[in-house]
Each structure stands twice: as structure tokens, then as C-alpha cells.
Amino acid sequence: MSPSRGRGRMLAAGGILLAGLSLLTGIFAVSLTPQNAATRDFIGYWAAGQQIVHHANPYDLDATLRLEQAAGLGNLQVKITPSPPIGLALVVPLGFFGAKNGLVFWLIAEIVCLAAAVSILWILAGRPASRIHLLGFLFPPAIACIMAGQIGIFCLLGITLFLWLHPTRPFLAGVALLPVSFKPHLFLPVALVLLIWVIAQKRFALLAGFCAALAASYAIVLAFDRRAWPQYIVMLHSNLMQGRFAPTLSAYLRLDLAPSAAWLEYLPTFLACLWAIAYFFTRRSRWSWLDHGLLVLLVSLVCAPYAWFTDEAVLLPAVLLGLYRALHSRHSSIPLAVMPLAVFVAAALVELFADVRITAWYYCWTAPAWLAWYLYASPQDLDAPSLRSEGGKP
């Protein structure tokens, strides 16, 4: 293919993409209302952004409630972000929009991020001729995340960029991990292994990139609100946060054994951290983030002390790369490889579109199901040759 023809195809693809995004923006602008924003988890991020840009407390319950009610919250429970101040720069742009326009901006950004993550995963899989990666757009947690306006899609893109960039551009890979600081409790075993790996491999540029991104994010927050950390600590000790319940295995462990013992919710994460350290050190000479690292990510989500179905959007790399691995390793039959995953996806979609409340215990099975699928789809010891395309170089 000649260079001019290649550029022409790229320009045509860019034009189609721009036209599609413009069409989506128009549809959202016409069909959505401020009340649509107020009834999604998005409204908590929007309210935090509004408070920050007006030099107010983003964790102020009363002020947040007034903002959300003005947007149409009605009798629903107030939504306030439990994320630490260090990552709040991600919601600052929402402070410059009204509730409806902010939702339009947020949804378009999430769709773009999901599309980018799916494309990168296709590259990491070796650019296969099949279009199986497009099934990523049907991953139920990703759909739920966009429907709720949750932040998990941005975490997904950050993790996917890390997987892509870390072999050749470690500083940028560290920068890409900024969104995970919004929900650090989901990634504690991963963070621990990553830190040990950075030290063992002397990949300090990656750590420098992450710290630089955190510093820049926190500097933006401090420019608007210098008391963000004390305000955050007060919010964490409020009755609103202590009374929340997420349908996780950790939460049910506490509920069944000792409801008043909050530490029980963190016991599975603690044990997962111990396992992750042992798992890393027994494989440190051949460690691959595209194989071993994805298993640690899955275990982190299964053992998280506090997580929602929407947070499982970050598991798309494990599920999608696991699907490619199943089709290219021991499973020669496509139906045999796809059937278990298809059952899990179909069941989760039924729950999602049947409007089962996100707090219902019915979602407890999903994170363990993705873990089971990954173990099924991967070589038995996760050390056999697979899609190790630390290969799909940027």
C-alpha cells in the first residue's frame, strides 16, 4: 500500500469516527435531561467537580445534596464520591458544565475510552484477523459502567495503556495509571506486586511517571481546595460511608460472621496481598503482566473490600485476552472455548437489563465467574506460551 493511500484511509477512518461521535453527541444532547444525570452515579462526580471549581468542599454532604436535588435527584439517596482527593482532578472538567451537558461530555468520553481500550487489546493480542475483540463492547460490567456514568471505564483505559506501554515507555505507562488512584481499594494486591516488580526490575521510570501524574492531579485539586484531605477524612468517618453496603464476598463474610467487625471486609484483601507476593516471587524471572499480572488483577477484584458490578469493567483485558488465548491454545473448538464465557455474559446482561438493583446479592457471582473463566481459558500454570505480546509495541 502506498503512503498516500495509507494516509487517505487513516483520514477517512478519522472522519467516520468524528462523524459517529458527533451523531452520538447530538442524540445525547436531545434525549438526555438533567434528571437523567441526577439518577446516575455520575451525579456524585459532577457535584464534586462543581464544588471544587467553586473552591468549596467536594465532600460536603449538605452542599452535594442541594446540588443533586436541584438537578432532579428527587427522593433518591445522595451520591457523594468516596474517592481520595489525589485523583479528583479527573472530575474537575465537570465543574464547568451543567448536569445535562456534563453527562453528555462524560458519556462521550467513556465511549471513546472503551473504544480505545478495545483497540489496544486487539493490538496486544497480535492484531488477529478476527474481530473477536469487538465483543468487548458487550462486556456487561463495561455497559453497566457507562449506563451509570461510573469511573471504571477510565480505570480500564489506564490499565490497558499500562499493559501496552510498560515494556517500551515506562514513564507514560506510569502516567496512564492515574485513574486507578480514584479507586485504590480495588487494586491493593496489584499495587503491591507492581511496586515489588518496579524495584526488582529497576523500572523506576514507571514509578516516576505515576508519581508525576499524582502530583499534577493533586496540584490541580489544591489550586481550588487546600483543605481537601481533612475534608475527605471527615467524610470517611460519616454515617453515610459506614452504612453503605456493596455486594462483595468480603461484605458477606462480615455480614455472616460478625456484622460489627469492619476489619473482616479487609481480611480477603490482606490474604490476597500475601498470595500475590508469593505468586510473584515464584515467577519473578519470567513475570508477564499480560499473563500473571491479569490473574493478580482478577484476584484483587474478587477479594476487594468494597466494589460494585460496574468496577468489574477493569477486568475486560483479562476476559478478552483470555478469549484469544482459549482460541489459540488448547481449545481447538470455538464453541467449546466460547460457551462458558457466553453463558456468564448472557446471565450478567439479563440481570443488568432486568433492572436488578446494583446493590443486590445477585451480582456476587460475577467477579468469581470472570476469574474462573480466565483460569479455564489460560494454560494450566499460566507459564506456557500464550499471547505474551509485550509485543504489541506502541
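Phe162 and Trp289 have perpendicular rings, their planes meeting at more than 60° on a 0 to 90° scale where under 30° would count as parallel. A tilted orientation is assigned to the rings of Phe344 and Trp365, their planes being inclined by 30° to 60°.
Considering every non-hydrogen atom in both Trp373 and Leu323, the closest pair reads CZ2-CA, 3.6 Å. Between Leu124 and Thr160 the shortest heavy-atom distance is CD1-O, 4.4 Å. The heavy-atom pair separating Thr269 from Ala304 by the smallest distance is OG1-CA, 3.8 Å. Residue Leu186 comes nearest to Tyr306 through the heavy atom pair CD2-O, 3.5 Å, listed as atom of the first residue, atom of the second, then distance. The nearest pair of heavy atoms linking Ala272 to Pro189 is CB-CG, 3.8 Å. Taking every heavy atom of both residues into account, Ser217 and Gly87 meet most closely at OG-CA, 3.6 Å.
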> Taking it one step at a time, do Phe281 and Trp287 satisfy ring pair (Phe, Tyr, Trp, His ring centres under 6.0 Å)?
Replying inline: CA-CA 9 Å; Phe281 277 108; Trp287 184 263; 9.8 Å; no
>> Using the rule given for side chain to side chain donor-acceptor pair (under 3.5 Å), can you reason through Gln150 versus Trp308, listing the C-alpha separation, both sets of side-chain angles and the distance that settles it, and then say yes or no?
In response: CA-CA 10 Å; Gln150 264 284 357; Trp308 303 98; over 6 Å; no
> Given the rule in the side chain to side chain donor-acceptor pair (under 3.5 Å) test, do Trp229 and Tyr218 qualify, once you have shown the distances and angles that lead to the verdict?
Replying inline: CA-CA 10 Å; Trp229 272 109; Tyr218 191 42; 3.2 Å; yes
> Checking side chain to side chain contact (heavy atoms under 4.5 Å, CB included) for the pair Val345/Trp370: CA distance, chi angles, key distance, verdict?
Replying inline: CA-CA 9 Å; Val345 168; Trp370 311 131; 4.3 Å; yes
> Given the rule in the side chain to side chain contact (heavy atoms under 4.5 Å, CB included) test, do Ile132 and Leu135 qualify, once you have shown the distances and angles that lead to the verdict?
Replying inline: CA-CA 6 Å; Ile132 291 175; Leu135 294 175; 4.0 Å; yes
>> Could you walk me through whether Thr64 and Gln51 satisfy the side chain to side chain donor-acceptor pair (under 3.5 Å) test, starting with their C-alpha distance in whole Å, then the side-chain angles of each, then the deciding distance to 0.1 Å, before giving a yes or no?
In response: CA-CA 8 Å; Thr64 298; Gln51 288 288 93; 5.3 Å; no
> Should Ile111 and Phe28 be marked as a side chain to side chain contact (heavy atoms under 4.5 Å, CB included) after you check the CA-CA gap, both sets of side-chain angles, and the distance that decides it?
Replying inline: CA-CA 12 Å; Ile111 291 170; Phe28 288 153; 3.9 Å; yes
> When you look at Glu68 and Val78, which way does the side chain to side chain contact (heavy atoms under 4.5 Å, CB included) test go after all the steps?
Replying inline: CA-CA 7 Å; Glu68 294 179 1; Val78 62; 3.4 Å; yes
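Between Phe270 and Trp275, the distance from one ring center to the other does not fall under 6.0 angstrom. Proximity of the aromatic rings of Trp46 and Phe105 is defined here by a centroid distance below 6.0 angstrom, and this criterion is not met. Under the 6.0 Å cut-off for aromatic ring centres, Tyr45 and Phe182 qualify, their centroids lying closer than that.
For the pair Val92/Ile220, a side-chain contact is recorded, criterion being any heavy-atom separation below 4.5 Å from C-beta on. Here the side chains of Asn57 and Val234 are not in contact, with every heavy-atom distance at 4.5 Å or above. Here the side chains of Tyr374 and Arg325 are in contact, with some heavy-atom distance below 4.5 Å. Looking only at side-chain heavy atoms (C-beta outward), Pro317 and Leu294 come within less than 4.5 Å of each other. The shortest side-chain heavy-atom distance between Phe154 and Trp106 falls under the 4.5 Å cut-off. Residues Ser119 and Ile123 fail the side-chain proximity criterion, which asks for heavy atoms closer than 4.5 Å. Within the 4.5 Å cutoff, no side-chain heavy atoms of Leu94 are placed close to those of Gln50. The side-chain heavy atoms of Tyr362 and Phe309, taken from C-beta on, include no pair separated by under 4.5 Å.
The distance from the CG atom of Leu165 to the CD1 atom of Ile120 is 7.0 Å, given to the nearest 0.5 Å. Between atom CG of residue Leu177 and atom CG of residue Leu206 there is a gap of 6.5 Å, rounded to the nearest 0.5 Å. How far CD1 of Ile43 is from CG of Leu103: 8.5 Å, rounded to the nearest 0.5 Å. If you take CG on Asp60 and CZ on Arg66, they are separated by 6.5 Å, rounding to the nearest 0.5 Å. From Ser181, atom OG reaches atom CG of Leu214 across 5.5 Å, with rounding to the nearest 0.5 Å. Rounded to the nearest 0.5 angstrom, Leu290 CG and Leu295 CG are separated by 13.0 Å.
Partner Phe137 forms a side-chain contact (heavy atoms from CB on, under 4.5 Å) with one of Ile143, Val118, Leu316, Ile146 and no other, that one being Val118.
Under the 3.5 Å distance criterion, the side-chain polar atoms of His55 are left unmatched by any main-chain donor or acceptor of Asp225. With hydrogens and angles disregarded, no donor-acceptor distance shorter than 3.5 Å links the side chain of Tyr376 to the backbone of Pro340. Using a distance-only test at 3.5 Å, with no hydrogens or angles considered, a donor-acceptor pair links the side chain of Lys100 to the main chain of Ala29. Judged by distance alone, with hydrogens and angles left aside, the side-chain atoms of Arg131 form a donor-acceptor pair with the main-chain N or O of Ala129 at under 3.5 Å. A donor-acceptor pair under 3.5 Å is absent between the side-chain atoms of Tyr279 and the main chain of Val193, judged by distance alone. Arg40 places a side-chain N or O within donor-acceptor distance of the main-chain N or O of Met147, the cut-off being under 3.5 Å. Side-chain N or O atoms of Arg203 include one that pairs as donor or acceptor with a backbone N or O of His166 at under 3.5 Å.
Around atom CD of Gln231, more than 12 heavy atoms belonging to other residues, nucleotides or ligands sit under 6.0 Å away. Heavy atoms from other residues, nucleotides or ligands lying under 6.0 Å from CZ of Phe97 number more than 12.
The hydrophobic cluster containing Leu192 also contains Phe204, counting ILVMFWY residues as joined when their side-chain heavy atoms lie under 4.5 angstrom apart, directly or transitively. Hydrophobic clustering (ILVMFWY, side-chain heavy atoms < 4.5 Å, transitive): Phe139 and Phe353 are in one cluster. Taking hydrophobic clusters as Ile, Leu, Val, Met, Phe, Trp and Tyr residues chained together by side-chain heavy-atom distances below 4.5 Å, Tyr266 does not share a cluster with Val190. In the hydrophobic clustering of ILVMFWY residues, with side-chain heavy atoms under 4.5 Å counting as a link, Val314 and Leu188 come out apart. Hydrophobic clustering of Ile, Leu, Val, Met, Phe, Trp and Tyr side chains at less than 4.5 Å, counting indirect connections, keeps Val350 apart from Val319.
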